[in-house]
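One structure below.
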Amino acid sequence: MPNDFDVIIIGSGAGGGSIAYTLADTGKRILILERGSFLPREKRNWDPEFIFGSDGYKANVRWEGPDGEDIFPILYYRVGGNTKMYGALLHRQRPEDFLEQRHKGGISPAWPVGYDEYEPYYMMAEHVMKIHGNRGEDLTEGWSSGPFPFRAFPHEPRIQEVADNLAAMGLHPHHSNLALNRDMDEPWRRPCIACNTCDPFPCMLHAKSDAETALVRPALKHDNVTLWTGSRVDKLIQEGGKITRIELTRDGEAMSLSADLVVVSCGAIQTAALLLRSGVANSSDQVGRNFTKHNQSGISAMDYRKPNDTVFQKTLSVHDFYHGGPDMPYPLGTVQMTGKAHWTRIMGDYAFLDMTEERAREVQQYAVDFWFTSEDLPDANNRVEWTDRGVKFNYRPNNRASHYELMDHFQENYLKPQGFTDFIRSTKELQFTWHQAGTAQFGTDPKKSVLDTNCKAWDLDNLYVVDASFQPSQGATNPTLTIIANGIRVGEHLRREWFSQEGVSLEDFPLSDGYMADNAGANIRDNAYSGGDDASWGA
């Protein structure tokens, strides 16, 4: 009896979207299952009090923490996943990140596949995500087979001043690699307006290259690709070394589906939870283990002589300390800008200071907002478990000493000398799982890893995992570009090995695609929408 579909992809974020995009033109019957709905296109997309106050688009989720405490993670169950709200700064991992690295806090392991194999897929990912940047500015970047698709966003005057000061002090600041649909030479041709509601707002103009706009909607142009929203997968059923059935609930109705090929792309935490509650792919006892999410902190730096009236701030990055610093012969991490923080966000970020609105507005007026990302290290005890209460999130931070050394060093030696005198700092704790990775690592030994080097589960013939779960480590860069590059790599493997079709090339990831796939609606079975602006639903 034939299966319901040739391919079922569970999850519509960066991993699921990249697989759908890469397989869309094969003619195979492809179904994308998304537990959430479309994020509505409405005025509240750009309302900071709504976004940072009530977190109106955040999923209502509770996990159990390592000490039994309640954790309310910042997650978004939407078409496009968490990328709907991300900052759209997408760097490649450095070549050294694929090798074993000794950190102050321990060892970051080597990958079974190196940078050279990933490079052509990084190029394809940069094209489909419409990345802006200038090759050669970042001294730590790996070799590249071509330029960025678009030249970098320029700095506004206050940020240019900061960049010039850093350069005068011997650093090598570079323009950030941004995934936004804008043409600097002819900005009227593309939708991005370089506004102050980019990070971390959803884009009302669909100008941010998130997984929905850049990957899922273009895939849905093909008649053979279908998206179901409101579809939560409850369990995978294994028989005879294969996943033979997917049990799900769609709009409250229990259903069962089958497919020749099943791709799980729920994000590192929910992918682990699904595999664990299904009791599959875990002969190694590694499912859920080695979770990482980066050490992430912010500094709002004030020079009260100089108001910061920057609109689009997230244009500057510094990687001089990626591999170490003076008297610190171990990796430290990245420094970059965030979007210009609105006072409502400032009150949330620094809630532990009991900040008043008046003070928050002052910080907004003067602050230049820096973001620090450092690697945390895989630890088998940092794991996701599935219990009768749901997800148990056993994560304890590590490798933080060097993270704080980076912040202290940068503040004392590069911010204070250029006139910043007041600093407010915060470090993101358990509820911030933006850069989640690990939990189903790939490798060459089925006793020590969950997936083979093509991200197929060792234990099952037709189950692939394509999200950040596969990563043995993630360096100190945003994992999204690596997730997409790996999704394209795995998608090419599936095209060749499963469907006996040609691989992919840069020509399959054109820059000329429209920024909205309006004709995709015919292939969407959307759940009922309640509340908000009905006319904007799914726009």
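Along the sequence shown, residues are numbered consecutively beginning with 1.
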Taking Ser12 for its side chain and Gly17 for its backbone only, find out whether a donor-acceptor pair lies under 3.5 Å. no

So Tyr350 and Phe352, would you call those rings parallel, tilted or perpendicular, with 30° and 60° as cut-offs? perpendicular

So which of Arg217, Arg78, Arg41 actually passes salt bridge (Lys or Arg N to Asp or Glu O under 4.0 Å) with Glu212? Arg217

Looking only at non-hydrogen atoms, find the nearest pair between Gly87 and Asp199 and report the distance. CA-OD1, 3.6 Å

Evaluate whether atom CD of Glu69 has more than 12 neighbouring non-hydrogen atoms of other residues, nucleotides or ligands under 6.0 angstrom away. yes

Over 12 non-hydrogen atoms of neighbours within 6.0 angstrom of CG in Asn60: no

Shortest non-hydrogen separation from Ser18 to Ala14 and the atoms involved: OG-O, 2.9 Å

Can you confirm whether more than 12 heavy atoms, excluding those of Arg62, are under 6.0 Å from its CZ atom? yes

Treating Asp379 as the side-chain partner and Thr292 as the backbone partner, does any N or O pair qualify as donor plus acceptor under 3.5 Å? no

Return yes if a side-chain donor-acceptor contact under 3.5 Å exists between Asn308 and Arg158, otherwise no. no

Arg182 and Cys192 have their tightest heavy-atom pair at NH1-O, 2.7 Å

Among Phe72, Phe432, Trp63, which one satisfies ring-ring contact (aromatic ring centres under 6.0 Å, His included) with Phe393? Trp63

Regarding Asn394 and Arg383, is there a side-chain donor-to-acceptor distance under 3.5 Å anywhere? no

Could you walk me through whether Arg92 and Glu119 pass side chain to side chain contact (heavy atoms under 4.5 Å, CB included), step by step? CA-CA 9 Å; Arg92 300 182 181 196; Glu119 199 284 330; 3.2 Å; yes

Using side-chain heavy atoms (C-beta onward) and a distance below 4.5 Å, is Ile131 in contact with Asn177? yes

Closest approach of Ala437 to Gln474 (non-hydrogen atoms, all atoms of both residues): CB-NE2, 3.7 Å

Lys104 side chain to Met328 main-chain N or O, any donor-acceptor pair under 3.5 Å? no

Hey, is the main chain of Pro218 close enough, under 3.5 Å, to the side chain of Tyr21 for a donor-acceptor pair? no

Would you mind reporting whether Met184 and Pro154 have side-chain heavy atoms less than 4.5 Å apart? yes

Any cation-pi pair here, Arg44 with Phe50, using under 6.0 Å and within 45°? yes

Side chain to side chain, Leu39 and Asn45, heavy atoms closer than 4.5 Å: yes

Give, for atom CD of Gln411 and atom CZ of Phe372, the distance between the pair rounded to the nearest 0.5 Å. 8.0 Å

Is a side-chain N or O of Gln313 found less than 3.5 angstrom from the main chain of Thr310, in a donor-acceptor match? no

Test item: Lys428 side-chain N/O and His294 main-chain N/O as donor-acceptor pair under 3.5 Å: no

Quick one: closest heavy-atom pair of Val311 and Glu156, and the distance? N-OE1, 3.0 Å

Would you check if Asn486 and Tyr118 make a side-chain contact, meaning some heavy-atom pair closer than 4.5 Å? yes

Between Arg189 and Asp183 (salt bridge meaning N to carboxylate O under 4.0 Å), is one present in this structure? no

Aromatic rings Phe98 and Tyr122: how do their planes relate, parallel, tilted or perpendicular, breaks at 30° and 60°? perpendicular

For Tyr76 and Trp434, run ring pair (Phe, Tyr, Trp, His ring centres under 6.0 Å): C-alpha distance rounded to whole Å, both residues' side-chain angles, the deciding distance at 0.1 Å, then the answer. CA-CA 10 Å; Tyr76 301 92; Trp434 300 326; 9.2 Å; no

Pair Arg305 + Glu161: basic N to acidic O under 4.0 Å: no

Counting only heavy atoms not in Asp327 (residues, nucleotides, ligands), do more than 12 fall under 6.0 Å from its CG? no

Against Pro331, only a single residue in His323, Gln101, Glu375 fulfils side-chain contact (heavy atoms from CB on, under 4.5 Å); can you say which? Gln101

Cation over ring, Arg94 on Tyr115, under 6.0 Å and within 45°? no

Decide side chain to side chain contact (heavy atoms under 4.5 Å, CB included) for Ile74 and Lys58; before the verdict, give the C-alpha distance in whole Å, the side-chain angles of both, and the deciding distance to 0.1 Å. CA-CA 6 Å; Ile74 299 175; Lys58 190 174 74 172; 4.1 Å; yes

Might you work through the side chain to side chain donor-acceptor pair (under 3.5 Å) test for Ser297 and His403, ending with a clear yes or no? CA-CA 9 Å; Ser297 299; His403 179 65; 2.8 Å; yes

For His409 and Phe321, what are the C-alpha separation, side-chain angles and deciding distance, and is it a ring pair (Phe, Tyr, Trp, His ring centres under 6.0 Å)? CA-CA 10 Å; His409 181 73; Phe321 309 106; 5.3 Å; yes

Measure from the side-chain N and O atoms of Lys293 to the backbone N and O of Glu429, and report whether any donor-acceptor pair falls under 3.5 Å. yes

Going through the distances and angles, do Asp303 and Tyr366 end up as a side chain to side chain contact (heavy atoms under 4.5 Å, CB included)? CA-CA 6 Å; Asp303 178 346; Tyr366 290 99; over 6 Å; no

Phe410/Leu166 under side chain to side chain contact (heavy atoms under 4.5 Å, CB included): CA gap, chis, key distance, verdict: CA-CA 10 Å; Phe410 193 76; Leu166 294 174; 4.0 Å; yes

Donor-acceptor under 3.5 Å (Glu137 side chain, His175 main chain): yes

To the nearest 0.5 Å, how far apart are CD1 in Ile346 and CG in Leu353? 11.5 Å

Rounded distance (nearest 0.5 Å) linking atom CZ of Phe423 with atom OG of Ser300: 11.0 Å

Find out whether Lys130 and Thr213 are in side-chain contact, i.e. whether some heavy atom of one side chain is under 4.5 Å from a heavy atom of the other. no

Short side-chain to backbone donor-acceptor contact, Asp369 and Met337, under 3.5 Å: no

Is the backbone of Lys84 close enough, under 3.5 Å, to the side chain of Asp210 for a donor and an acceptor to pair up by distance? no

Going by the angle between their ring planes, with limits at 30° and 60°, are His132 and Phe153 parallel, tilted or perpendicular? perpendicular

With a 4.5 Å limit on heavy-atom distance, are the side chains of Tyr77 and Val61 in contact? yes

Measuring from Tyr414:OH to Met169:CE, what's the distance to the nearest 0.5 Å? 7.5 Å

Student check: side-chain heavy atoms of Glu357 and Met347 closer than 4.5 Å: yes

Distance col, row Phe420:CZ vs Phe370:CZ, nearest 0.5 angstrom, shows 5.0 Å

Looking at Glu362 and Arg359, is any side-chain nitrogen of the basic one under 4.0 Å from a carboxylate oxygen of the acidic one? yes

Do Ser37 and Thr229 have side-chain N/O donor and acceptor atoms under 3.5 Å apart? no

Out of curiosity, Tyr330 OH to Asn399 CG, how far, rounded to the nearest 0.5 Å? 9.5 Å

Quick one: are Gln160 and Thr315 in side-chain contact, heavy atoms under 4.5 Å? no

